[in-house]
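Beneath this line is the structure, given in structure tokens, with notes to follow.
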There are 2 protein chains.
Amino acid sequence: MSRKVTIADIARELNLTGATVSRALNNRPGTSESTRRLVQATAERMRYQRDRIAYSLRSGRSHIIGVIIPSAEINFFGSVIHGIENMANQHGYNVLIYQSNELPAFERKGIATFLGTRVDGILASIAKETTDFRHYLEVKERGLPLVFFDRANDSLHIPSVVVDDFKGAWYATEHLVHQGYRRIAHIAGQQHLKIFRDRLEGYKAALAANNLPVDDTLIYYGNVSIEAGRQAVRHLLAQARPPDAVFAVEDFSALGAIKELKDRQVSIPGEFGVIGFANEAFGEHITPSLSSIDQQTVQMGKEAFKLLLEMIEGGAGQVQHHTKSRIILEPVPVFRQSSLRRPLHGGQQP
Amino acid sequence: MSRKVTIADIARELNLTGATVSRALNNRPGTSESTRRLVQATAERMRYQRDRIAYSLRSGRSHIIGVIIPSAEINFFGSVIHGIENMANQHGYNVLIYQSNELPAFERKGIATFLGTRVDGILASIAKETTDFRHYLEVKERGLPLVFFDRANDSLHIPSVVVDDFKGAWYATEHLVHQGYRRIAHIAGQQHLKIFRDRLEGYKAALAANNLPVDDTLIYYGNVSIEAGRQAVRHLLAQARPPDAVFAVEDFSALGAIKELKDRQVSIPGEFGVIGFANEAFGEHITPSLSSIDQQTVQMGKEAFKLLLEMIEGGAGQVQHHTKSRIILEPVPVFRQSSLRRPLHGGQQP
DNA sequence: CTGAAAGCGCTAACAC
DNA sequence: GTGTTAGCGCTTTCAG
């Protein structure tokens, strides 16, 4: 085990002192051009590598950011992490992962270890079970930069990066209208989550804007699962005036709906149109392929890191005023077979 | 920004000295029961939190492990990370993520930053483009615990956790035999990757063991993609004596094969059986649903961490001898519609 | 332009 | 049992 080479080693080698070597390595003023070059060359030769722990202790900066996600197993978050890590890496930061498993207790533990590790900032997506947000507010009060992504909570006044769920739902619903569907149902998600509420509102608004009535009997409240999608279809088709299309709050409900419709020999998209939300990987491969709304996951990760970085570098105090503290990404519709019964072209409007 | 509370603060509060407080907090011998309790209570009250940076600098241990993966966007790795992080968390460790993006240059950079951060160990899955393994050998020589997962390289003699690709391929192939298929083709992957070579060998061995000839014209060498799967089917069906089933080296090729077969109105599994490898999420949802071999991703992450932990705690030197340095996980067949043309039951053997 | 010295917060040796 | 001291590796005053 070859011992690590330290600044002291280099200093000894060159008959200098640690201070000078440090200055030279960091290109700080107060060293002659020649010694700086000499020092840097020897450092290279000796394979010197700055000890970030010591650096952190001294400087108070770790160049590490902490990221709290519900689970790395969920595709969506893997994709966001991808965006975060790539951007962080470009800026000399590393990424510490912590999974909440959707439980507030883990969130608190994650924040605690992050504080101990002196991360320079925290990115977080709130756990489903979290209703008390004090641990997040404490982070803010400590002056540690914090940015939410995807699952945010506006009332906390903490910067966030989210996708525009309202608009995405609007796009999805309006697309079904343009495709000639007239009774459009909605499979809704748990209403205590803002993202699902927003989608419901977007759905309603798009109907209204297109002079279609909002019929509460066409809204099915489920729990975001394949089974909920199946149940929704059973429920909707049993009605006196059944719908001819459905916008599902996310892709798994949409998948359940498609499965149930196929079981009942309802042709998609001919008799019935389906569109989901999230653009999960499977949507492209099922039959019929699933139309959906893409949430720009990688971009979300990148924007979240950039916002955090501004806060870190700007000094957390001022950021609230100087930087845009709420970034809303544009959802991107992805139209596939499940909702297309007429050719797509530019002039879709009536 | 309320300043951090340190051991010194507690000591001052109690008219003690830092050393005693430290001992008490860490339940180390040499403190009276009463003071220990007192100290711990005050620490709690003052919301003391141990500074891990200082701890690390002093102790040389960071309780952080570094994980190098090709990309967090790939499902498989997200799932492994899930296993790693959960297990690490249980043992008081945190996980630093670094993506290689399949490039050795990033791997080297990742290792360098990990060394700087004094991670206690490294878990890595080798990038596809990596052919020179010196950076990994250096980690080993420095005595820093290192474990490969999934993408390993035996010749380096570095501990690893992998799934038994040979056996998985054997299971897949033999299953097709048991289902009555007699001319079984294989869509192979790039042969410079060991995992793909092993699957090819498992396929051949299973055929031989079942007294079926290994016919080289039934092996298609592709590049692991949907398109390769389609090409393979086109190629195979054009032959004088076409196959009646195919074992694809992974699920995307299998998916391509299914798409092409459906386009050609070949009935699955009646006329033609298909099985893949990896048990990707989409396989369950396509039509027909895809049979595959599960790679135990979460388990892989957990085992990898446990092995690394043994090395960390045991002292890296001895581990080579004391611990099982190569863990081979049992692949788990998942039989679905694409390969089932007779009912499954216990007595499958002829 | 360079050196000496202090200190980030913690723990481990060695006193007492 | 508790205190004193030193030091992990680095940066940053303050002197020279």
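Numbers restart at 1 for each chain; the letters A, B, ... are given by sequence-line order, proteins then strands.
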Which residues in residues 12-21 of chain A have at least one heavy atom lying under 4.0 Å from any atom of DNA chain C?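 Those residues whose heavy atoms fall under 4.0 Å from DNA chain C, taken from residues 12-21 of chain A in numerical order, are A/N15, A/L16, A/T17, A/A19, A/T20.
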
Just to be sure I understand the geometry, which residues of residues 22-37 of chain B put a non-hydrogen atom under 4.0 Å away from DNA chain C?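 Those residues whose heavy atoms fall under 4.0 Å from DNA chain C, taken from residues 22-37 of chain B in numerical order, are B/S22, B/R23, B/N26, B/R28.
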
Identify all side-chain donor-acceptor contacts of residues 296-306 of chain A below 3.5 Å with residues at least two apart in sequence or on another chain.
| residue | atom | partner | partner atom | Å |
| --- | --- | --- | --- | --- |
| A/T297 | OG1 | A/S79 | OG | 2.7 |
| A/Q299 | NE2 | A/E303 | OE2 | 2.9 |

Enclosure of A/R61 CZ (heavy-atom neighbours >12, cutoff 6.0 Å):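 Yes.
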
Should B/L307 and B/I327 count as side-chain neighbours, where that means a heavy-atom distance under 4.5 Å?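 Yes, close enough: below the 4.5 Å cut-off.
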
Within this structure, what is the [atom1]-to-[atom2] distance between [X] and [N], rounded to whole angstrom?
X     : N      : atom1 : atom2 : value
A/L38 : C/dT2  : CG    : P     : 10 Å
B/D9  : C/dG9  : CG    : P     : 9 Å
B/Y55 : C/dA12 : OH    : C1'   : 12 Å
B/R50 : C/dC8  : CZ    : C1'   : 17 Å
B/R52 : C/dT11 : CZ    : P     : 13 Å
A/I53 : D/dT11 : CD1   : C1'   : 16 Å

Judged by atom type as modelled, is there a donor-acceptor pair below 3.5 Å linking the side chain of B/T35 to the main-chain atoms of B/T31?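 No; zero donor-acceptor contacts below 3.5 Å.
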
Is A/S100 reaching over with its side chain to a backbone N or O of A/E107, donor-acceptor style, under 3.5 angstrom?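 Side chain of A/S100 to backbone of A/E107, a donor-acceptor pair under 3.5 Å: no, none is there.
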
B/K128: side-chain hydrogen bond (donor to acceptor under 3.5 Å, both in side chains) partners, not counting sequence neighbours: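 side-chain hydrogen bond (donor to acceptor under 3.5 Å, both in side chains) check on B/K128 returns nothing, list empty.
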
Using the ring-ring contact (aromatic ring centres under 6.0 Å, His included) rule, collect all pairs that involve residues 67-86 of chain A, keeping only residues at least two apart or in two chains.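 Applying ring-ring contact (aromatic ring centres under 6.0 Å, His included) to every pair that reaches into residues 67-86 of chain A, excluding sequence neighbours, yields nothing.
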
Between B/R134 and B/E141, is there a side-chain N and carboxylate O pair less than 4.0 Å apart?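 No, B/R134 and B/E141 are not salt-bridged.
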
Within [range] or reaching into it, pairs that qualify as salt bridge (Lys or Arg N to Asp or Glu O under 4.0 Å) - sequence neighbours excluded:
range                      : answer
residues 69-78 of chain A  : none
residues 49-59 of chain B  : A/R118-B/D51
residues 86-105 of chain A : A/E102-A/R151

Does B/Y48 place a side-chain N or O at less than 4.0 Å from the phosphate oxygens OP1/OP2 of C/dC10?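 Indeed, a polar side-chain atom of B/Y48 lies that close.
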
Could you give me the stems involving DNA chain D, meaning stretches of three or more consecutive Watson-Crick or G-U wobble pairs whose two defining distances are both below 3.5 Å?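 The stems are C:1-16 with D:1-16.
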
Set of residues satisfying salt bridge (charged side-chain N to carboxylate O under 4.0 Å, His left out) with respect to B/E44, sequence neighbours excluded: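 Partners of B/E44 by the salt bridge (charged side-chain N to carboxylate O under 4.0 Å, His left out) criterion come out as none, since no residue qualifies.
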
Pairs under 3.5 Å (N/O, protein and nucleotides 6-8 of chain D):
| residue | atom | partner | partner atom | Å |
| --- | --- | --- | --- | --- |
| D/dG7 | N2 | B/R58 | NE | 3.4 |
| D/dG7 | N2 | B/R58 | NH1 | 3.1 |
| D/dC8 | O2 | B/R58 | N | 3.3 |

Which residues share a ring-ring contact (aromatic ring centres under 6.0 Å, His included) with B/H135, sequence neighbours left out: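 If we apply the ring-ring contact (aromatic ring centres under 6.0 Å, His included) test to B/H135, skipping adjacent residues, there are no hits.
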
